[in-house]
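Below is one structure, written out as structure tokens; the observations come after it.
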Amino acid sequence: MESSQQLTEYELKRLDNIRRNDQLMASLKIHSKVAELSAASKRQRVGIKSYKVSPEKKPKTETPIVIRRSLRTRGMPPDYSDSKGLGDIVEAADKVSKSPTSSKPSPRALGPLSVRDAYRGTGSDKLLIERIMEGSKKENKIFGDKNGGDLMEGVSESGSCLELESLSLNPENIARVVPGKILNVRFFPCSDRRIIVVGNKFGNVGFWDVDSGAHEEDGVYLYHPHPGPVSGISIHKHSLPKIFTSCYDGFIRLMDAEKEVFDLVYSTDGTIYSLSQRSDDVKCLYFSEGPGGLNIWDERVGKCSAQWNLHESRINTIDFNSENFMATSSSDGTACIWDLRNIGADKPKYLKEVRHKRAVQSAYFSPSGCSLATTSMDDTVGILSGANFDDNSMIKHYNQTGRWISSFRAIWGWDDSYVFIGNMKRGVDVISPAQRRTIFTLQSPHMSAIPCRFDAHPYNVGVLAGATSGGQVYMLTSD
DNA sequence: GGAGGTGTTAAAAAC
DNA sequence: GTTTTTCCACACCTCC
């Protein structure tokens, strides 16, 4: 064994650096996060696609190391007057850092974060960035040719476009994309490719390029752009290289694959619970903030163009149909439909309200826009349909997920025939709104955890992504 | 009425 | 293989 006297000056200096880095990391409380990610990478099973974490990587500008305590975590009500857009960020950072009582975020942490610095993988993410850019160029060309129209493969004019019995899980289509609980899952809106984006409770954003073919990274890429749980992911069909993500800690970032940066779009002391965009508007972001607030961020003016208080408690989802209607679901036990042309600036008035007995986790419009599906902790899935959404039916569905599993959210398939929702027996329940009952349950021996959050591929009928609270993603297909 | 405490639940991590 | 840990939902209970 070498004694310290035999160490070279360089080695001593290096050990000293390591010791000081350890102290710094301990003081910033990120040791646990690193250990967690390293441990997770050791545990992965052979044969299952998984993220791989680089243990050495210590980025210079790491957002998560900033101890940033929001008003909420300090037990104080949110101060909406302090919400800052991009134009005011430097000023906001200065103001906070001068405060003697609050912890001091680095102003750099409030700026853009390079994709390279946010990356946590072992290999290169060059292939992913290339794939995203390729997909974007192709989609933009298609939309240019088709004058912006949507094209869905396999949709027939009448009846359902999907044979339920053919929906299955191929063991090849399983990947561990991030560590921990997934809160959001989205397909990249690209017609000839399956790229799945997820956000987890640690602030990671993971990508799974399903059609990548076998290579070192398994097509799985892990980033860490946020300090807290990722509450929303939005990728507009007509603005493809741009991936918006929001987090509980009050940040909205834009991953621009072209610029290779996670830009900071919006920052607030409030909690951001959900994020959405309208299909006919690429310039505005709709997001929920604090207990019941809903804001519209307008990119053209660089600030919020509207701020409403629509609910008594947090807004869990925001969705739109093509008729200027917006649906919100809230933990106050209601879901509401709003007419955006006539919402009322001061005292917003809903067009329709659905009352559940407990918190409402989601409210999504059907593909036609004529129905609404709500999911509530009161063990029902509500279907609102008919003229003026006057018909309301409540379908029994067990939704008690406990605290470790993300709450269930019923989503629509590729037409108005079916609604998909997870169940506690590691299956996917299919509800028929017409029959007002669960008509089918998809189960697979390969599904080792409960799929709780879903997304239907926007162009490929029968391609359904289910995400679990252990970081796994299942891609069901109907081949 | 609201602050504070607790039970629920499944999967990963640790043993 | 078994036990421990996770802990940013929510509902329900008690106490003040």
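The figures here come from the full heavy-atom set of this structure, side chains too, leaving out hydrogens, waters and symmetry mates. Letters A, B, ... mirror the listed sequences (proteins, then strands); counts begin at 1.
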**Prompt:** Want to settle it: does A/Y398 or A/G470 sit nearer the 5' end of DNA chain B, counting the closest nucleotide to each?
**Reply:** A/Y398
**Request:** In whole angstrom, give the distance that lies between atom CD of A/E312 and atom P of B/dG1.
**Result:** 12 Å
**Request:** First locate atom CD1 of A/I296, then atom OH of A/Y286, and finally report the distance between them rounded to the nearest 0.5 Å.
**Result:** 4.0 Å
**Asked** Less than 5.5 Å between centroids and less than 30° between ring planes, does A/W404 satisfy that with C/dT6?
**Response** yes
**Item:** Rounded interatomic separation in angstrom, taking CG from A/D379 and P from B/dT8
**Value:** 16 Å
**Request:** Only counting residues at least two apart or in another chain, list the ones meeting side-chain hydrogen bond (donor to acceptor under 3.5 Å, both in side chains) with A/K242.
**Result:** none
**Item:** Whole angstrom value for the distance that separates C1' of B/dA11 from CZ of A/R453
**Value:** 16 Å
**Request:** Mind calculating the distance between CE (A/M447) and P (B/dA11) to the nearest angstrom?
**Result:** 12 Å
**Item:** Partners meeting side-chain hydrogen bond (donor to acceptor under 3.5 Å, both in side chains) with A/R437 (sequence neighbours left out)
**Value:** A/Q435
**Prompt:** Listed by chain and number, what are the salt bridge (Lys or Arg N to Asp or Glu O under 4.0 Å) partners of A/D332, not counting sequence neighbours?
**Reply:** none
**Prompt:** According to a strict under-4.0 Å criterion, is A/K201 in side-chain N/O contact with OP1 or OP2 of C/dC7?
**Reply:** yes
**Complete:** Rounded to whole Å, the NZ-P distance (A/K425 to B/dT9) equals 13 Å
**Fill in**
Result for 5'-nearest mapping on DNA chain B, choosing between A/G180 and A/I405, is A/I405
**Prompt:** Taking only residues two or more places apart in sequence, or in another chain, which ones meet A/W338 in a side-chain hydrogen bond (donor to acceptor under 3.5 Å, both in side chains)?
**Reply:** A/T328
**Request:** Hey, could you give me each pair passing salt bridge (charged side-chain N to carboxylate O under 4.0 Å, His left out) that has a residue in residues 389-406 of chain A? Not counting sequence neighbours.
**Result:** A/K352-A/D390
Measure all distances between protein nitrogen or oxygen atoms and nitrogen or oxygen atoms of nucleotides 9-13 of chain C, and list the pairs falling under 3.5 Å.
unit_1 : atom_1 : unit_2 : atom_2 : d
C/dA9  : OP1    : A/Y248 : OH     : 3.2
C/dA9  : OP2    : A/Y248 : OH     : 2.8
C/dA9  : OP2    : A/R314 : NH1    : 2.9
C/dA9  : OP2    : A/R314 : NH2    : 3.4
C/dA9  : N6     : A/R403 : NE     : 3.0
C/dA9  : N6     : A/R403 : NH1    : 3.1
C/dC10 : OP1    : A/S331 : OG     : 3.3
C/dC10 : OP1    : A/Q361 : NE2    : 2.6
C/dA11 : OP1    : A/A359 : N      : 2.8
C/dC12 : OP1    : A/R358 : NH2    : 3.0

